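What follows is one structure encoded as structure tokens, with my remarks underneath.
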Amino acid sequence: MTEINEDKVIHDIVQKFPEKEWISRIHEALPGVDDGYVMSTIEIFFGGDVRVVEEDGTERGLFVS
């Protein structure tokens, strides 16, 4: 059985697809992967937070609808 490089799968998805599709595509490719791990991996890849709350309370980024 081939070992899956989860980081590479996540990186490939965030490079190829729009942000709103990331989580569903990642869970499809990596069933059972923890959302915290996914968020940490994306933050490391982009060098910043995936969810930002501005001083006025406005939220932006991944997981913000």
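As the structure is a prediction and not an experimental result, all values here were calculated from the model. What you see below is based on every heavy atom in this structure, not just the backbone, and it leaves out hydrogens, waters and symmetry mates.
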Let me check something: any side-chain donor-acceptor pairs from residues 24-34 under 3.5 Å, sequence neighbours excluded? List them with distances.
unit_1, atom_1, unit_2, atom_2, d
Ser24, OG, Glu21, O, 3.1
Arg25, NE, Glu21, OE1, 2.7
Arg25, NH2, Glu21, OE1, 3.1
His27, NE2, Asp35, OD1, 2.6
Asp34, OD2, Gly36, N, 3.0
Asp34, OD2, Tyr37, N, 3.1

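With contacts defined as side-chain heavy-atom distances shorter than 4.5 Å, the pair Val9/Ile13 qualifies. At a threshold of 4.5 Å between non-hydrogen side-chain atoms, the residues Val38 and Glu6 do not count as touching. Side-chain contact between Phe45 and Val14 is present, with heavy atoms from C-beta onward closer than 4.5 Å.
By the rule that hydrophobic residues join a cluster once side-chain heavy atoms approach within less than 4.5 Å of another member, Ile42 and Ile44 end up as members of separate clusters.
Between Phe46 and Trp22, the ring centre distance stays below 6.0 Å.
The two residues Asp56 and Thr58 come nearest to each other via the heavy atoms OD1-OG1, 2.7 Å.
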